[in-house]
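Notes follow the structure.
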Amino acid sequence: MWEYTDKVQQHFLNPQNVGEVENASGTGDVGSLACGDALKLTLKVDENDIITDAKFKTFGCASAIASSSVLTEMVIGMSIDKAANISNEDIADALGGLPKEKMHCSVMGREALEAAIADYRGLILPMAAGEVVCECFGVTDLEVIRAINESSLRSVEEITNFTKAGGGCGKCEDKLRELLRETVGGKSEIVSPGTKPKKMTALQKIKKIEEVLEREVRPGLRKDGGDIELIDVDGDFITVSLRGACKSCKKSQTTIKEYVERKLRELVLDSLIVEEEN
Amino acid sequence: MSSVNEKVVYMDNNATTMIAPEVVDAMMPYLTNLYGNPSSMHTFGGQVGQVVSEAREKVADILGAEPEEITFTSCGTESDSTAILSALRTFPEKRHVVTTRVEHPAVKSLCDNLETLTGHKYRVTRLKVDGEGMIDMAEYEAALTDDTAIVSVMWANNETGNIYPVEKMAAMANGRGILFHTDAVQAVGKIPIDLKTLDIDFLSLSGHKIHAPKGVGVLYIKRGTLFVPFLTGGHQEYGRRGGTENVASIVGLGRACELASEKMAEENSRVKQLRDKLEEGLLSGISKSRLNGHKTARLPNTSNISFEFVEGEAILLHMNRYKICASSGSACTSGSLEPSHVLRAMGVPFTAAHGSIRFSLSVYNSEEEVDYIIEKMPAIIELLRKMSPFWQGN
């Protein structure tokens, strides 16, 4: 059971301004059914750029509905310029806070507002121009970077809580980590275990690989009457040759991939690909 | 109707059940005066050992098993882990496990970990299911190999109630010299089980799903099956599971099994009729709703229904206002961002998976409660649909 504030419950059970404004001056449509939440925000704006009416339609959980409802209350009577400055934190604050796993609901509110304002002004949203990082939820790099900056995010988990990116198949986690590193630099608290710094000269790499083979791999193979030799290093492609008992072993491919490659990825560089010499 | 409104309408029995009053009564002496250790030499403890034996017989009876085949554990999850890990330790040269894509997390996570935490030393085949959640037996047969140590397939699914043909699957595994485990946590007490005629080597059950308390489970280990304990320690449970017995809960579980046997007929007649009435009432009373799971090969108490274009957590919280308790396979209820793995494996469209609600009944439910839910649900769904940007009207 989620711990929702009274304010969230109040807006969820008695949502304000449900529906669509007729002849809307601006419409913001974000999210999708597949994503599990979606929001259509319609605004009426008068000749002085004041929002005179706002209505919403939301598919989603209690916090999505409450975020939408409180957002309409916040913007009615506000100038477009002022509304453009509303952040997702403002929305969450107006609800007395949201569980951290639900912060993406407030982000969805902010995005819908932004889209509706852009629609009113006849602009195209800059965020949509970014490159999609998370394919499961269609989140772009620009959206991720913005969330990192605005909400001072410091881990991949936080990025997922705020933008949903990485919450599906998890394939984009490395990319998210990289975006985090690029955006916050040294302030990043996350250092993924096993991911060593990528800048290594070819010589350093070879030396390091030799070292790991000698220390971590050979003892195990020798116990089974086998051995291994480093043949070539070409970028991330490592060619090795198995010797002794390993050479004729039916499981040699498994040894290479599951044992040697894993060790090298863990201790040298996580992008290495190990292959056996033909 | 007001009498119903004042108390909770509990239709979440696949999550957990009420402890039967008879079970509480049976347990009380062992929570108070009779606190002895069953392993003690003195009569004070020894008499407690006697009731543990009696409970073991009662559990064996509901399964069609022998008392020596019953090992008490702390929960269904422990039983599942114990069975699968025992098989892998028994056959260290075998590195393959067969399971399904719709298992309970207790088995699913263990199998995932077998692959990832061991650096893929183990290989896991997860059988696909069709739109109704059923397995293809030809695919199953083809998945069994000489390298397969154990098959683990649930007897009945917790989300949909689907019943799997474990009797036949166990026979096929047995024919290949492969151990067979079934997570029967949802099946025990709801459908008849007679293990002495079957090739099932391991079976897990859980107390709190059959009106016994939380914190007690059972692993059935067929006589003659090689076994390696999970929890080692004292000689309790014939040396199969160390740790002082959870006496009061074990006694409660024994009593709950007796009651479940007595009420099995009612479960499959009255409870099933209530479930059917609820299901028909909701499907016919609410447009764009659909049943998830198999229409007939299903537990008598479970109904999983999707209400399209609305989201499950929102539905549950509105139901909560009327004190109606159920569950959802929606992403938002779990804290993850994706809907239930069971519904996704069945290919239930996202539009429907997010709005799935599971009703699971018990012998303690009444027709009045079913009528109450049928009365309240349409307005809840309509209210949320009016708010949904995807809802285009009927």
Side-chain angles (χ1 to χ4, degrees), chain A residues 1-2 4 8-9 12-13 15 17-20 27 29-42 55-66 68-69 99-102 104-105 112 134 136-137 160-161 163-170 251 254 257-259 261-263 266, chain B residues 12 15 93 95 112 115-123 147 306-322 325 327-341 344 348-356 380 382-392:
Chain A
M1 184 116 204
W2 297 109
Y4 286 133
V8 171
Q9 297 196 32
F12 166 63
L13 294 174
N17 308 308
V18 174
E20 283 182 47
T27 300
D29 229 333
V30 296
S32 77
L33 259 179
C35 295
D37 46 23
L39 164 55
K40 182 175 189 176
L41 180 71
T42 46
K55 285 194 190 311
F56 79 91
K57 280 198 163 185
T58 291
F59 164 82
C61 58
S63 45
I65 290 170
S68 312
S69 170
K100 66 176 169 35
E101 295 88 346
K102 297 282 191 178
H104 60 84
C105 296
C134 168
C136 296
F137 295 107
T160 306
N161 286 339
T163 67
K164 290 183 137 192
C169 69
K251 288 192 179 143
T254 320
K257 286 288 165 195
E258 304 294 357
Y259 186 54
E261 192 178 85
R262 267 179 62 84
K263 273 281 174 233
E266 195 187 322
Chain B
D12 202 9
E93 72 288 0
R95 298 290 175 82
D112 291 349
E115 288 182 316
T116 52
L117 297 184
T118 64
H120 296 267
K121 195 168 91 173
Y122 290 97
R123 200 160 57 81
D147 194 38
S306 278
F307 304 101
E308 293 194 60
F309 309 111
V310 288
E311 195 278 327
E313 185 203 288
I315 301 172
L316 287 182
L317 290 178
H318 273 289
M319 289 166 68
N320 192 46
R321 277 214 289 182
Y322 299 109
C325 305
S327 295
S328 170
S330 121
C332 291
T333 51
S334 63
S336 78
L337 293 170
E338 293 206 316
S340 134
H341 71 282
R344 276 186 294 144
V348 174
F350 275 106
T351 55
H354 284 296
S356 71
I380 292 173
E382 198 190 321
L383 176 85
L384 290 169
R385 279 183 177 166
K386 274 191 183 155
M387 228 183 274
S388 168
F390 303 112
W391 180 244
Q392 306 293 336

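Side-chain atoms are counted along with the backbone in the values below, which use heavy atoms only and exclude waters and symmetry mates. Residue numbers start from 1 in every chain, and the chains themselves are labelled A, B, ... in the order their sequence lines are given, proteins ahead of strands.
- Across A/F56 and B/M387, no two heavy atoms sit closer than the pair CE1-CG, 4.1 Å.
- When side chains are defined from C-beta on, B/H318 counts as touching A/L13, because their heavy atoms get closer than 4.5 Å.
- To the nearest 0.5 angstrom, B/F390 atom CZ is 11.5 Å from A/K57 atom NZ.
- Contact of B/K386 with chain A is made through the backbone alone, with heavy-atom distances under 4.5 Å.
- Atom SG in A/C61 sits 12.0 Å away from atom CD1 in B/I315 (nearest 0.5 Å).
- When every heavy atom of A/G60 is checked against every heavy atom of B/A314, the shortest pair comes out as O-CB, 3.6 Å.
- Taking the side chain as every heavy atom from C-beta outward, A/Q9 and B/R321 never approach each other to under 4.5 Å.
- Ranking B/A353, B/S388, B/G355 against chain A, the residue ahead of the rest is B/S388, based on heavy-atom pairs under 4.5 Å.
- Heavy-atom distances place the side chain of A/P15, and not its backbone, under 4.5 Å from chain B.
- For the atom pair OG1 (B/T351) and CZ (A/F59), the distance works out to 8.0 Å, reported to the nearest 0.5 Å.
- Minimum interatomic distance between B/P389 and A/T58 (heavy atoms only, all atoms of both residues): CD-C, 3.4 Å.
- Note that CG of A/D37 is 10.0 Å distant from OG of B/S330, once rounded to the nearest 0.5 Å.
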